Amino acid sequence: MRTLSVLGSVNIDLVLATKRIPDVGETVGGGKFQRLFGGKGANQAVAAAALGARVRFFGCVGDDEYGPFARENLCERGIDVRGLKTVEGATGVALILLDAQGRNSIALAPGANAHFRPAGTHDIAVMQLETHYERPRAKTLILNPAPAPARKFSLRGVDFVIPNQIEAEQLTGCKDPRKAVQALERMGAGRAIVTLGARGVWCGGEVHERGARPAFRVRAVDTVGAGDCFVGAFAAALAKGHPDPVLFAQAAAALQVTRRGAQNVPSLAEVEGFLRKHA
Ligand code: RIB
C-alpha cells in the first residue's frame, strides 16, 4: 500500500444547526450548537485513515486551548502527526451555519493554518487551498482546490484535481461540468473530477473513464465535509490500488452526508457493505 501525506488545514468547527440560514441583519432563533473537529485537510486525513489508508498529516495548530485537542483527535484516528506543528496564536476556526436541508455556509479564521508551508518528500500528497499552496515534492499530487483561488492558478504538476462545481466554475469560467473538466485538464491537471453533490460527479481522464456518474440516492442531513470525505476516500482507494477510486469515494461521501459532523466518516466495512448493496 502506498503512503498518503495530507498537507493542509486544521480547524475547530463551531456549528449552529438552524431552521434556515439568516439573511444579513436578520436573527433566526431555536438553533442547536456543537463544537466539532474540522478543517479540509484534517477532514480528508480522517476519512482516508478510517478507510484503511496509512496517513501522515502536515499542518499547523495554535498554542491555544484548541491546539492540543485537534492534535489528539488526529492521533486517536491513527494518523501520524509528526508533521503537525504547534505555532504561536489561535488554531483555525470555522463558523458554520447549517440549515434544515443540510446545506451550509461557512466563515473561516485561518489562524495557525496561515503559517503552514509544504515541505518534505511524499508518495501520494493530498492538498487543499485553506493553507498556502505550492507543489510539494510528491510522486502523485491530488489537489482539492477549495476554497477556489481568487487569482489565476496553474494546475501544472497536479495529477488529480477534484473541485466541486462552484470551484470548477470559479477556476475555469465554465458552468457546464463537462467543459470545466476539459478546461481543468487544459490548465495542466492530469485528470479532473468535478463533484456535483446529489447529481453525482463528472469525470475526466482516459477515454473509458470520462463522463457523468450518478450519485447514490441517500437522505442528506449534513453536507459539511462531504467533498472532503470524497477526496480522502479517493486518495485512500488510490493508495490501496482500488479498481474504481471514484465509485469508492462516491459511496463513502454518500454515507457521510447521512450523518452530522465533517469527521463523522464511514468505516471501510461500511463503505464495502454499501457498495455490495447499491453498486
Ligand atoms: O469542508 C468542510 C470544512 O471546511 C469544515 O470542516 C471547515 O473547517 C472548513 O474548513
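Please read these numbers as outputs of a predicted model, since none were measured by experiment. First listed ligand is number 1; within each ligand, the first listed atom is number 1.
- Taking the six-membered ring where the residue is Trp, the centroids of F58 and F116 are separated by 6.0 Å or more.
- The atoms of ligand 1 that sit less than 4.0 Å from any heavy atom of N43 are 2 (C), 3 (C), 5 (C), 6 (O).
- Near A262, with a cut-off below 4.0 Å to any heavy atom, the atoms of ligand 1 are 6 (O).
- Residue nearest to atom 10 (O) of ligand 1, selected from Q44, Q128, E130, Q263: E130 (by heavy-atom distance).
- Within the structure, the closest approach of G39 to ligand 1 falls below 4.0 Å when heavy atoms are considered.
- Within the structure, the closest approach of G225 to ligand 1 falls below 4.0 Å when heavy atoms are considered.
- Residue D228 approaches ligand 1 through these ligand atoms, each under 4.0 Å from one of its heavy atoms: 1 (O), 2 (C), 3 (C).
- Every atom of ligand 1 is numbered from 1 in the order shown, and the set under 4.0 Å from a heavy atom of G38 is 6 (O), 8 (O).
- A salt bridge is defined here as a Lys NZ or Arg NE, NH1 or NH2 lying under 4.0 Å from an Asp or Glu carboxylate O, and E72 with R77 fails to meet this definition.
- Residues satisfying the side chain to side chain contact (heavy atoms under 4.5 Å, CB included) criterion with R137, sequence neighbours excluded, are T121.
- For F37 and F69, the gap between ring centers reaches or exceeds 6.0 Å.
- For ligand 1, the atoms sitting less than 4.0 Å from at least one non-hydrogen atom of A94 are 7 (C), 8 (O), numbered in the order shown with element in parentheses.
- Salt-bridge formation is not detected for the pair E76/R71: no Lys NZ or Arg NE/NH1/NH2 atom is positioned less than 4.0 Å from an Asp or Glu carboxylate oxygen.
- Residue-ligand proximity, D13 to ligand 1, at heavy-atom distances under 4.0 Å covers atoms 5 (C), 6 (O), 7 (C), 8 (O).
- Between E185 and R191, none of the side-chain N atoms (NZ, or NE/NH1/NH2) sits under 4.0 Å from a carboxylate O, so this pair counts as no salt bridge.
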